[in-house]
Amino acid sequence: MDKKKMIGDLLHDNGLKKTPIRTEMLELFMNHDFALSASDIVSKMKAGHDRVTVYRALASFEEHGILHKASEDGQGVKYALCGHSCPDETHADRHAHFICDECHQTYCLEEVEVPEVEVSEDFSVNKVNYTLSGVCKECNVFSQS
Ligand SMILES: [Zn+2]
Ligand SMILES: [Zn+2]
Ligand SMILES: [Zn+2]
């Protein structure tokens with residue numbers, strides 16, 4: 001299926017109006033296999049959009065189960081596309097994330113499921129973060145050649 005159509009469907013299914021900025025942002029996410037932060041998006045977008053608009057769009061994508069938070073570092077939160085349609089508010093993404101020590105990109109490890117963790121009943125868990133780090137496939141290629 002072509003990307004434009006996929007994006008249109010994704011927005012429509014989530015009751016979001018199809019605006020040029022939303023379309024362009026989702027296109028960026030589809031064209032990259034690693035997570036993107038708000039500043040990555042601002043720098044990659046064709047026209048200069050102000051940060052506030054980008055932040056607002058990211059928040060609404062997260063709320064609608066289109067994007068999830070993949071990692072957070074000094075440069076801010078990085079988002080990635082949800083692999084399957086997550087319900088609103090509660091994300092069903094239970095995969096681990098991989099942060100590359102060389103290029104600092106964050107990848108979703110869709111096939112690596114976060115193990116079930118038992119905690120005492122004194123605590124109630126809202127969110128589990130499972131992050132691995134090392135050298136990603138892109139950086140591995142360079143070091144081998
Ligand atoms: Zn999700
Ligand atoms: Zn890398
Ligand atoms: Zn992810």
Side-chain angles (χ1 to χ4, degrees), residues 1-46 49-119 123-145:
M1 210 201 296
D2 88 295
K3 280 179 189 156
K4 289 254 191 281
K5 168 111 174 56
M6 267 169 74
I7 292 168
D9 289 352
L10 197 56
L11 289 171
H12 180 263
D13 292 348
N14 285 285
L16 290 170
K17 233 204 273 154
K18 191 173 161 188
T19 61
I21 184 166
R22 285 183 179 145
T23 310
E24 197 181 342
M25 281 174 70
L26 290 179
E27 222 166 17
L28 278 177
F29 279 102
M30 285 182 181
N31 291 338
H32 292 84
D33 64 349
F34 47 80
L36 300 170
S37 69
S39 36
D40 291 336
I41 293 162
V42 171
S43 67
K44 286 175 200 294
M45 280 178 80
K46 282 175 236 134
H49 290 288
D50 74 295
R51 246 156 228 272
V52 180
T53 317
V54 170
Y55 277 111
R56 216 176 285 145
L58 285 172
S60 115
F61 287 152
E62 196 198 357
E63 212 172 284
H64 286 87
I66 297 173
L67 297 179
H68 61 275
K69 288 194 174 99
S71 69
E72 195 164 359
D73 65 13
Q75 282 145 46
V77 182
K78 289 187 175 176
Y79 292 88
L81 282 175
C82 292
H84 41 89
S85 52
C86 285
D88 283 9
E89 307 287 342
T90 51
H91 282 269
D93 314 274
R94 289 190 47 84
H95 56 261
H97 290 101
F98 186 95
I99 301 180
C100 177
D101 293 332
E102 306 276 328
C103 64
H104 306 289
Q105 302 296 8
T106 303
Y107 293 86
C108 289
L109 300 179
E110 312 271 2
E111 68 287 357
V112 183
E113 207 177 306
V114 173
E116 205 69 59
V117 186
E118 292 274 339
V119 293
F123 299 93
S124 91
V125 179
N126 291 325
K127 196 173 169 259
V128 180
N129 222 329
Y130 206 72
T131 309
L132 314 173
S133 67
V135 182
C136 80
K137 53 190 173 186
E138 301 287 335
C139 297
N140 255 329
V141 171
F142 286 117
S143 59
Q144 275 162 16
S145 60

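Because the structure is a prediction, the values reported are computed rather than measured. Whatever order the structure lists them in is the order used to number ligands and atoms, beginning at 1.
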*Near the Zn ion (ligand 2), which protein N/O/S atoms are found at less than 2.8 Å?*
Cys100 SG, Cys103 SG, Cys136 SG, Cys139 SG
_Residue pair Leu58 / Val77, side-chain heavy-atom distance below 4.5 Å_ = no
*Between Arg22 and Lys17, is there a donor-acceptor pair closer than 3.5 Å when you use the side chain of the first and the backbone of the second?*
yes
_Angle subtended at the Zn ion (ligand 1) by Cys82 SG and Cys86 SG, rounded to 10 degrees_ = 110°
*Within a strict 4.5 Å, meaning less than it, do heavy atoms of the Ser60 and Leu16 side chains meet?*
yes
*Do side-chain atoms of Arg94 reach the backbone of Val114 as a donor and acceptor pair under 3.5 angstrom?*
yes
*Using the six-membered ring wherever Trp is involved, compare the ring planes of His68 and His97 and label them parallel, tilted or perpendicular (cut-offs 30° and 60°).*
tilted
*Just by modelled atom types, is the Gly8 backbone N or O under 3.5 Å from a matching donor or acceptor in the His12 side chain?*
no
*asked:* Of all the N, O or S atoms in Asp93, which has the shortest distance to the Zn ion (ligand 1)?
replied: OD2
*asked:* Distance alone, cut at 3.5 Å: any donor-acceptor contact between the side chains of Asn31 and Lys3?
replied: yes
*asked:* Looking only at N, O or S atoms in His95, which is nearest to the Zn ion (ligand 3)?
replied: NE2
*Identify, by name, the N, O or S atom of His91 lying closest to the Zn ion (ligand 1).*
ND1
_Within 2.8 Å of the Zn ion (ligand 1), is there any N, O or S atom belonging to His68?_
no
_Is the shortest side-chain heavy-atom distance between Lys78 and Asp40 below 4.5 Å?_
yes
